[in-house]
Each structure stands twice: as structure tokens, then as C-alpha cells.
Trainee: 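My questions all concern the structure below.
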Amino acid sequence: MKEYIPSELEPRWQEFWRQKQFYSTRKDPNRKKYYVLEMFPYPSGKLHMGHMRVYSIGDVLARFFRMRGCNVLHPMGWDAFGLPAENAAAQHGVDPAEWTAANIVAMKEQQDALGLSYDWEREVTTCAPDYYCWNQWLFLLFYREGLAYKRKAPVNWCPSCRTVLANEQVVDGGCWRCGSAVDSRELEQWFLRITDYADRLLDDLELLEGWPQRVKVMQENWIGRSEGTNIVFTVKETGDELKVFTTRPDTVFGVTYMVLAPEHPLVNKLIAGRPQEEEITKFVAQMRRESEITRTAADAEKVGLFTGASAVNPVNGEEIPILVGNYVLMSYGTGAIMGVPAHDQRDFLFARKYNLPVRMVVAPPDQCPSTDELTGAYEEPGIMVNSGLFDGMSSEEAKKAITDWLADRDRGGGDVMYRLRDWLISRQRYWGTPIPVVYCGSCGTVPVPEEELPVLLPEGIELSTLQQSPLAECPQFVHTSCPACGGEARRETDTMDTFFCSSWYYLRYADPRRESAPFLKEEVDYWLPVDQYIGGIEHAVLHLLYSRFFTKFLYDQGLVGIQEPFQRLLAQGMVYKDGAKMSKSKGNVVTPDEIIERYGADTGRLFILFASPPEKDLDWSDQGVEGCYRFLRRVWRLFGQNRELFEQSPGGAWSGNKEKAAVEGAGREEKELRRVLNATIKRVTADIEERYNFNTAISAIMELVNALYAYLGEAGPEQRDTHRVLLRQSLETVLLLLAPFAPHICEELWHQCGLQGSVHQQSWPAYDPAALEVEEVEIVIQVNGKVRGRVLVPADSSEVDLLEAARGHERVRPYLEGKEILKTVTVPRKLVNIVAR
RNA sequence: GCGAGAGUGGCGGAACGGCAGACGCGCUAGGUUCAGGACCUAGUGCCCGCAAGGGUGUGGGGGUUCAAAUCCCUUCUCUCGCACCA
């Protein structure tokens with residue numbers, strides 16, 4: 001018997017699959033398609049366990065659905081623009097393009113060593129001009145539709161990456177990539193108007209039944225829709241309008257002050273020439289220096305300064321003081337709030353601190369405490385008081401009534417606010433897609449005409465000494481002629497956020513080599529949506545939100561027929577070791593390379609899938625890996641020890657149901673083996689297809705192997721020969737069921753057994769329901785809910801028979817003696833419960 | 001504070017409201033082997049017991065039910081997301 005040497009056989013089969021082009025995919029309208037996709041990686045050059053996990057999950061599904069007869073699209077590509085390439089260039093003087101290309105080669109080798117069944121003919125690389133050309137084309141489409149615009153605004157700036165970041169890319173006040181504290185800069189930048197799609201992005205979350213709830217909640221939170229009312233106050237001294245947004249218009253009679261954000265445009269005008277001017281100017285300048293993050297930290301002290309100016313409340317004409325406060329954000333709502341201390345806890349505390357009046361205007365339904373008894377704000381609904389003609393209304397009714405009243409007098413009206421901001425896509429970096437825009441002295445901002453695309457990234461840029469956007473220091477790139485008038489012009493020197501690239505790559509896979517368009521609609525309409533998308537939770541509101549936005553936009557443009565790109569989403573858990581995330585500093589890193597070298601890809605894949613359900617975190621265990629290696633060797637020996645089963649009938653390969661194991665002459669052991677075999681097929685199929693519980697699928701295969709060992713250990717040579725067909729069918733089924741998980745060893749054994757074709761091109765086995773039937777079942781006998789005995793009975797026993805067997809059971813009888821039987825419950829084929837007292 | 005998810009042996013994890021702990025790891029004993037970290041067999045939640053057996057057990061407390069890890073209420077702990085969002 002040959003030894004199991006993964007390092008010898010795995011590369012051999014990888015080469016075999018490649019040469020036979022098993023995994024290249026063609027459109028075929030007659031077959032059911034299945035599109036399984038793992039988030040494409042940044043080509044860092046090094047595959048880590050997180051990669052290995054996500055690819056292993058995807059590959060099981062791809063291989064399984066192929067065997068199920070689906071036309072499977074399973075592509076891979078590279079999210080190849082981004083900072084690491086540029087940093088490598090700055091530090092080591094290498095060309096970002098070459099650096100990236102070398103990493104892709106290295107990483108692809110590692111992926112291939114895992115035996116992943118990708119259609120490499122559809123490989124997509126975002127830094128290639130034939131890809132980013134379509135980024136530019138799509139940008140121009142956004143621009144044409146008014147959804148891409150340039151605006152000067154305070155933006156997040158990462159000093160370490162020397163570029164701006166979108167709101168989504170700031171995590172806990174730091175850069176999502178490098179963690180450096182982000183600060184604020186006022187810059188003119190390109191934005192995509194994702195806020196136009198806020199409602200649809202929110203509402204359509206309901207359509208995403210195959211998405212984890214937590215991802216949907218995160219997107220919902222991020223979009224942060226809130227319905228309320230705009231109310232226009234008037235500045236008494238200047239006559240300026242001062243608009244606020246509130247979700248509690250019913251409390252407008254309780255407003256006792258107003259607070260403006262330090263950046264509010266009216267601040268300077270209000271304080272001009274007043275005694276407070278100097279103090280407030282200083283305060284505003286200080287606030288501008290502090291990031292929004294530190295200013296709005298939960299433990300930050302609320303500070304307010306009186307401007308000396310006052311506002312007139314539109315509902316009752318009252319004059320109230322206007323303050324400037326650190327806790328009011330210019331980026332949300334109107335940058336101004338009304339203070340209602342009686343009905344908002346934060347306002348209540350603020351009013352106490354600054355001795356501002358508190359006036360109750362919504363009374364609790366059953367009592368009427370006076371304002372000075374209040375120890376906190378009353379935030380619940382109630383009955384309107386001190387509110388003029390709205391007195392006596394319920395506060396809920398009053399919300400609408402007051403909003404209508406304001407709208408009738410042109411002093412406000414209903415409005416909706418979102419936390420979601422427009423997506424800032426400019427980046428002051430080199431290694432990205434150039435934004436295809438030209439600035440002309442006489443024509444202004446001019447989009448580069450489609451036929452001039454792509455605007456190529458210039459090569460040979462000196463990246464080590466950059467102070468600003470590297471392209472800006474590249475005269476041959478900057479100087480151009482205006483596409484409109486032909487005069488002198490300069491190019492936009494910012495590049496696009498790499499999330500732009502990844503927002504539509506899954507569409508490009510459907511038609512990756514198209515030169516006349518990003519893709520043909522008919523190709524996309526066949527393959528999309530992605531049936532199963534797999535990736536990390538960290539993209540819950542980045543990539544996944546942007547991609548949904550792109551899809552909806554492209555749908556509106558008639559370019560795709562789908563409104564949601566990803567039918568089902570699996571957010572796979574992280575890989576830990578010794579209770580901590582794998583990291584160099586902790587010294588607990590295990591790489592796919594070393595696992596492949598020592599145990600083979602099959603063992604690594606099997607372990608990673610067996611150790612935990614895919615959506616849960618996984619704790620790496622070297623001993624667990626050993627266990628999986630042991631199991632594969634056990635499978636190997638099972639075939640080595642039973643080679644004669646396959647040798648005795650040349651050419652008689654059992655496949656599917658062609659040759660059914662004979663039932664006649666089968667004894668108890670054979671029937672049991674046949675039952676286990678069919679039950680395993682049923683179990684594994686459901687576990688992969690319906691539940692995505694690969695760990696229990698694998699354990700079921702282990703049980704089948706155990707059952708085969710047990711049977712073969714008992715049976716003599718004659719018995720084996722008599723039941724050769726059943727045994728062969730069982731062994732072949734092990735290979736078929738295991739093939740998606742451990743593709744190499746199964747292929748090797750398939751061929752060693754002289755079976756036809758490739759194991760990966762067989763049909764998935766079907767189970768025979770009749771084989772699951774058993775003649776006898778063991779039923780549990782309970783007395784008062786406690787198990788007191790078990791008994792074997794014919795499977796079709798009636799309730800009366802069951803009860804009789806239960807009562808007569810020698811272990812059970814003592815528990816019934818001298819007692820009255822109050823009730824009996826029988827569950828056919830399962831149990832009898834006797835309630836006695 | 002709001003929202004989502006999760007608490008089961010020494011460990012990873014299984015269990016349509018119906019035998020808790022499948023499968024694997026680890027451990028114990030025995031076998032096999034020149035030897036082993038290979039392989040085979042048996043055992044392995046906890047407590048009492050030589051055993052048969054009994055008791056107990058799914059974070060805590062309550063409830064529904066003949067029957068609860070599973071359903072309901074309550075509470076604690078952990079993880080994640082959001083958070084002066086007006």
C-alpha cells in the first residue's frame with residue numbers, strides 16, 4: 001500500500017485540473033447558474049489564515065454545486081490599487097506596478113496550492129488599465145447624472161497616509177487602515193451622492209433575507225434615517241433665519257435657548273462687535289483644531305458660551321438666548337439645535353449647568369408635576385400643556401399639528417435627516433484610478449471624453465519625497481489641453497478611493513474581457529446576482545454599502561437588471577489562536593504555507609471547515625489539525641486495504657444509481673451499513689446546501705468511515721465478497737461526499753480505484769429513502785419525564801403495543817408499582833412517557 | 001444608553017420541544033510495534049458506588065409543558081455595532 005504523501009499528489013492534481021480546464025465557465029441558459037464569490041483580496045503577497053478560511057468555504061460551495069449540476073461561476077481577482085504598493089515604492093524604491101504584479105504571482109501560487117477551483121480566465125486586476133478604464137467610465141456616468149460633484153468641505157485627513165478618508169473609513173477616530181488619529185481639513189474634494197440613495201439603501205435591506213441580521217443592522221445604523229421637523233427661528237438682532245431640525249416638534253413651546261455649532265456660518269455675524277466676540281472667537285478656533293471625534297466623545301464636558309444674541313421662537317414669539325456649544329455638530333442636521341431642558345435629558349443637564357430656565361410642555365398622562373420638582377427630563381409622550389392652542393392634545397398628535405402649523409406659516413415643515421454623508425472618493429495618492437477630469441481656464445471643469453479613456457497613470461514617478469498628491473508633481477501628467485476648447489488645461493491630480501474599484505468588480509467577472517463596455521447586460525443578467533457572497537464583517541458598511549449603491553445606480557441607468565448584488569451573504573468569523581487574533585507581535589501566527597507543506601492543503605481545508613461553523617470565530621488548534629490529518633490517512637488506508645473490491649470487476653464502476661447494492665441476501669449488518677450510507681448522504685447534502693454547517697457535514701462523513709471500518713473489521717472475506725457492490729458503493733460515496741472538502745485525496749483515490757473520469761465531475765450522490773427505513777427502533781421509556789428504560793420494538797408498533805412494552809419493562813415496573821397512572825404520552829418510533837403518582 | 005448576537009464536558013463543538021454532550025481534540029487503560037508523536041480496542045460531564053444502579057447536569061432565578069439546552073418572563077456575563085445625531 002502506498003503511503004499518503006500530500007506534497008506529492010496535490011500539485012499533480014492541481015496541474016491535471018488546470019490542463020483539463022475543469023473550472024472555466026461558459027454562459028449556458030439551459031442550466032441553473034450558481035455564482036459563488038469570495039471578497040477579492042488586496043495582493044499583499046502573503047496569504048494568511050483568514051484568506052484560507054474564506055476561500056475554503058467558497059470552494060466547498062463551488063465544488064458542491066458543480067456536482068449538483070449547476071453552472072458554477074467561481075472567479076478570483078485582485079483589489080490591486082492602494083497604499084501598501086505606494087509605501088513599498090517610497091521605502092524600497094520599487095515600482096508599485098511591479099511590486100503589485102509580483103505579489104499577485106506569489107499569492108496566486110499560494111491560492112493554487114490550496115486546490116481552489118477558480119476560473120482564472122475571468123481574473124480581474126483593478127490596477128490594470130483595462131479595468132480602471134471602466135472606473136473612469138463609470139465616474140463620468142455618475143458625473144453626467146449629477147451624482148459626482150466637487151465641493152469644498154471639512155474632510156477627514158489621515159496624516160500618516162497623507163490622504164483624505166470617507167466617513168465610513170474612519171473607525172473610532174482613526175484611519176481604518178493604519179489607525180492613526182484622523183484630523184479635519186478643509187479641502188475641495190470629489191464626492192458621490194450616495195445620500196440620494198439613502199432611502200432605497202435602507203428600505204431594500206428588507207429584501208436581503210439571506211444576509212446576517214447584524215450586517216443589516218449596521219447598515220441601518222450607518223444610514224441613520226430620522227424623521228422630524230425643521231423649525232425656522234429668527235435672530236432678533238439681525239433678522240437672520242436660524243433653522244433647526246428636531247424629532248420633537250411637540251416640545252417647541254418648551255424651548256428656552258438655542259445652541260449653534262462652532263462652525264455655524266451665523267456665529268461670526270452674531271458676535272460681531274459684542275463683548276463676547278473675543279472669547280467666542282478663541283473658543284471656535286480651539287474647537288476647529290479638535291477633531292469631531294474628541295469633541296463628541298461620550299465623556300467630553302458640554303461647554304456652551306452665550307453669544308449675547310437672541311432668537312425669536314416662531315410659535316410663541318418668545319426671545320431666547322443663543323449659545324455656541326462644543327457638542328453641536330455642523331455635519332448633522334442644520335448645525336443648530338433648540339434646547340428643551342424639560343424633555344431632553346442632555347438639555348436638562350446643560351440647562352442646570354448654565355442656569356437656563358426649564359419649562360414643562362408635555363405632561364405625563366396621569367400626573368402633573370411642576371417644573372421645579374423635576375430631577376430629570378420627561379422624554380415620554382404625554383399631554384400638551386403651556387403650548388397655546390395645542391394644549392390638551394396628545395404629544396403624538398401635536399407633533400403633526402405643530403409641523404403643519406409651521407409649514408402653513410412658512411416657518412418650517414416635515415423633514416428627514418440621515419447620518420449617512422456623501423461618499424468622498426478623492427485620494428491624494430498616486431496608486432489609484434486617475435479621476436478623469438480636466439480643469440480649463442475658460443471652460444471650467446471638463447470631463448474627459450469617453451473616447452479618450454483611459455486616463456493612464458504616468459509611469460516612473462518619484463514617490464519617495466512626495467509632499468502632496470504625487471500626480472500633482474508630474475508635469476507631463478498635469479499639463480494637457482482642454483477637451484472642449486483645446487486650450488491649455490490641467491488634469492485633476494487626485495485618484496479614486498479603491499473602494500470605487502471594488503464596488504462593481506463582481507459585475508465585471510460576468511464579462512471580464514469586454515473592451516467596448518464595462519460588461520454586457522445580457523452577461524450580467526445571466527450570472528448576477530451573486531448567489532453566495534463570502535467575506536469579513538469588517539466590510540459591513542464599507543464595501544457592502546458602496547456595492548449596493550453602485551448596483552442601484554447601474555440599475556437606474558439600465559445597465560443591470562438587478563437592484564441588489566448579493567443574494568446571500570456569509571460573514572465568516574475570524575481565525576484566532578490561543579484566544580487572540582493571529583499576529584506577528586503575539587507570535588501566534590500559523591500560515592497556510594506551513595500547513596500545506598506539513599500536512600497538505602486537504603488537511604488544512606478540512607480542519608478549518610471542521611473546527612467551527614463558518615460564521616463563528618475559529619480557534620486554531622495544532623492538535624485539531626493533526627486530527628484531520630489522521631482522518632485523511634484513515635480514509636487513505638480504508639481504500640488501500642480494500643483495493644480488491646475495485647479490482648474484481650473491471651470497468652464496473654458504480655456511479656449514481658446505475659448499480660444498486662443488492663438488498664436480497666443482505667443481513668442485519670449490511671442493512672445497517674446501507675442505512676448509514678444513505679443517512680450520511682442525506683445529512684451531508686442538507687448540511688452543505690441548506691445549513692452551511694460544514695463542520696457537521698464532515699463529522700457525518702467521519703461517522704460513515706467509522707461505520708465502514710467497523711463493518712470491515714467484523715466481516716470475513718466471504719461476506720465482503722458477497723456484498724462487494726454495497727461496499728464499493730459505500731467507499732465511492734465517501735469520496736464523492738468528501739470531494740468538496742478535500743479535493744486532492746479524493747481525486748487520487750478515485751483514480752487509484754480505477755474509476756472513470758474525475759471525482760469532481762461526478763453527480764452528487766442521491767440517497768434512497770427506502771434504505772433509511774428500519775425494522776426495529778429503540779424507544780425510550782420515561783416515567784414522569786425521567787428515562788427509566790429502553791426497549792427495541794418493531795418500527796411500526798402501535799401506541800397500544802408501545803405502552804404495553806413500556807409497562808412490562810422490568811426496569812420500569814418498579815417505578816409504577818403502587819402508583820396510579822394519570823396519563824401516558826407516546827411518540828411513535830421515539831418514546832413513551834408514563835405519568836404516575 | 002440603544003440595537004444585535006452568544007453563554008452546553010478539560011477543549012473545539014453536536015442536539016425537528018422527545019435519550020444532552022454526535023464528531024474531533026485531550027486524557028486513561030490495554031493491545032500492536034525494535035521504538036514512537038504511527039496504528040488498533042475499550043473507557044471518558046460531574047457526584048455516590050467494587051458493580052448493578054442512583055443522583056445531578058446546558059450562566060442564575062421563575063414560568064409554560066407529560067417532556068425545555070431548545071418556548072416565555074426576569075436577571076447576570078461576554079462579544080459586536082451605534083451613540084451628545086438634536
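Residue numbers start from 1 in every chain, and the chains themselves are labelled A, B, ... in the order their sequence lines are given, proteins ahead of strands.
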Trainee: Return the nucleotide paired to B/A52: Watson-Crick means purine N1 to pyrimidine N3 with N6-O4 or O6-N4, wobble means G-U with N1-O2 and O6-N3, both under 3.5 Å.
Mentor: none
Trainee: Is any N or O donor-acceptor pair between the side chain of A/Lys823 and the base of B/C66 shorter than 3.5 Å?
Mentor: no
Trainee: Base, sugar-phosphate, or nothing for A/Asn706, non-hydrogen atoms under 4.0 angstrom?
Mentor: sugar-phosphate
Trainee: Would you mind reading off the distance between A/Phe607 atom CZ and B/C11 atom P, rounded to a whole angstrom?
Mentor: 16 Å
Trainee: Please classify the nucleic acid contact of A/Gly224 as base, sugar-phosphate, or nothing, using heavy-atom distances under 4.0 Å.
Mentor: nothing
Trainee: Which of parallel (below 30°), tilted (30 to 60°) and perpendicular (above 60°) describes A/Tyr4 and A/Trp636?
Mentor: tilted
Trainee: Classify the nucleic acid contact of A/Glu220 as base, sugar-phosphate or nothing, counting any heavy atom under 4.0 Å across all strands shown.
Mentor: nothing
Trainee: What is the distance, rounded to the nearest whole Å, between atom CG of A/Asn693 and atom C1' of B/G24?
Mentor: 16 Å
Trainee: Just name whichever nucleotide pairs with B/A29, Watson-Crick or G-U, keeping both distances under 3.5 Å, else none.
Mentor: B/U41
Trainee: Please report the distance separating the P of B/U65 from the corresponding atom of B/G26, rounded so that it comes out in whole Å.
Mentor: 47 Å
Trainee: What integer number of Å spans the C1' atoms of B/G17 and B/C71?
Mentor: 8 Å
Trainee: Looking only at the side chain of A/Val825 (C-beta and beyond, no hydrogens), which of the listed nucleotides B/G24, B/C39, B/C66 gets closest?
Mentor: B/C66
Trainee: Please give the distance between the P atoms of B/A69 and B/G31 as a whole number of Å.
Mentor: 41 Å
Trainee: Hey, which sits more toward the 5' end of RNA chain B by its nearest nucleotide, A/Val780 or A/Thr246?
Mentor: A/Val780
Trainee: Counting only side-chain heavy atoms from C-beta out, which of B/A38, B/G37, B/A22 sits nearest to A/Arg598?
Mentor: B/G37
Trainee: Go through B/A14, B/C23, B/G3 for me and flag the one nearest to the A/Asn695 side chain.
Mentor: B/A14
Trainee: Pick one: which of A/Asn678, A/Leu677, A/Val684 meets side-chain contact (heavy atoms from CB on, under 4.5 Å) with A/Thr680?
Mentor: A/Val684
Trainee: Answer yes or no: is there a side-chain heavy-atom contact under 4.5 Å between A/Asn784 and A/Tyr815?
Mentor: no
Trainee: For A/Glu241, is there an ion pair with A/Arg411 - N to carboxylate O distance below 4.0 angstrom?
Mentor: yes
Trainee: Would you indicate whether the side-chain heavy atoms of A/Leu406 and A/Pro314 approach each other to under 4.5 Å?
Mentor: yes
Trainee: Among B/C39, B/G18, B/A83, which is the nearest nucleotide to the side chain of A/Lys830?
Mentor: B/G18
Trainee: How many angstroms lie between atom CD of A/Glu669 and atom CG of A/Leu673, to the nearest 0.5 angstrom?
Mentor: 10.0 Å
Trainee: Taking the side chain as everything from C-beta on, heavy atoms only, tell me whether A/Ile595 gets closer than 4.5 Å to A/Met49.
Mentor: yes
Trainee: According to the Watson-Crick and G-U wobble definitions, with both distances under 3.5 Å, which nucleotide is paired to B/G24?
Mentor: B/C11
Trainee: Between atom NZ in A/Lys581 and atom P in B/U79, what is the gap in whole Å?
Mentor: 16 Å
Trainee: Considering every strand and a 4.0 Å limit on heavy-atom distances, what is the contact class for A/Pro212: base, sugar-phosphate, or nothing?
Mentor: nothing
Trainee: From the options B/C40, B/G13, B/G26, select the nucleotide whose nearest atom is closest to the side chain of A/Arg637.
Mentor: B/C40
Trainee: How does protein reach along nucleotides 41-56 of chain B, written 5' to 3' as B (base within reach of a heavy atom under 4.0 Å), S (only sugar-phosphate), or - (no contact)?
Mentor: ------------SSSS
Trainee: Choose from B/A86, B/G18, B/C40 the nucleotide whose nearest atom is closest to any side-chain atom of A/Val827.
Mentor: B/G18
Trainee: Now, which nucleotide makes the Watson-Crick or G-U wobble pair with B/A83, with each of the two distances under 3.5 Å?
Mentor: none
Trainee: Take the protein atom CG of A/Asp687 and the nucleotide atom C1' of B/A22, then report the distance between them rounded to whole Å.
Mentor: 12 Å
Trainee: More than 12 non-hydrogen atoms from neighbouring residues, nucleotides or ligands closer than 6.0 Å to CD on A/Glu597, yes or no?
Mentor: no
Trainee: At 4.0 Å (heavy atoms only), tell me whether A/Asp617 reaches a base, stays on the sugar-phosphate, or touches nothing.
Mentor: sugar-phosphate
Trainee: So which nucleotide does B/G5 pair with, by the Watson-Crick or G-U wobble rule with both distances under 3.5 Å?
Mentor: B/C78
Trainee: Calculate the interatomic distance between A/Leu737 atom CG and B/C23 atom P; express it in whole Å.
Mentor: 18 Å
Trainee: Just compare B/G24, B/A86, B/C25 and give me whichever is closest to any side-chain atom of A/Gln623.
Mentor: B/C25
Trainee: Kindly determine whether A/Glu8 and A/Lys2 satisfy salt bridge (charged side-chain N to carboxylate O under 4.0 Å, His left out), including the steps that lead there.
Mentor: CA-CA 12 Å; A/Glu8 180 275 318; A/Lys2 277 208 285 182; 5.4 Å; no
Trainee: Consider the side chain of A/Phe245, meaning its heavy atoms from C-beta on, and name the nucleotide among B/A86, B/C66, B/A22 that approaches it most closely.
Mentor: B/A86
Trainee: Where does B/G9 fall, syn or anti, if syn means a chi angle no more than 90° from 0?
Mentor: syn
Trainee: Who is the Watson-Crick or G-U wobble partner of B/C34, with both distances under 3.5 Å?
Mentor: none
Trainee: Measuring from the side chain of A/Thr247 (C-beta onward, heavy atoms only), which nucleotide among B/A86, B/C25, B/G24 has the closest atom?
Mentor: B/A86
Trainee: Could you tell me whether A/Glu615 and A/Arg214 have a side-chain N and a carboxylate O separated by less than 4.0 Å?
Mentor: no
Trainee: Given atom CD of A/Gln345 and atom C1' of B/G1, what is their separation to the nearest angstrom?
Mentor: 11 Å
Trainee: Taking CG from A/Leu242 and C1' from B/A86, how many angstroms apart are they, rounded to a whole number?
Mentor: 13 Å
Trainee: So, is A/Thr696 close to the B/G13 phosphate, meaning a side-chain N or O under 4.0 Å from OP1 or OP2?
Mentor: no
Trainee: Separation of A/Ile537 atom CD1 from B/G3 atom P, in whole Å?
Mentor: 19 Å
Trainee: Before accepting this row, confirm whether a basic side-chain N of the pair A/Glu396/A/Lys399 lies closer than 4.0 Å to the acidic partner's carboxylate O.
Mentor: yes
Trainee: Quote, to the nearest angstrom, the P distance that separates B/A20 from B/C27.
Mentor: 29 Å
Trainee: Please measure how far the P atom in B/G54 lies from the corresponding atom in B/G63, and state the result in whole Å.
Mentor: 27 Å
Trainee: What is the base-pairing partner of B/U65, counting Watson-Crick and G-U wobble geometry with both distances under 3.5 Å?
Mentor: none
Trainee: Check every atom of B/A15, B/C66, B/A38 against the side chain of A/Asn833 and return the nucleotide holding the closest atom.
Mentor: B/C66
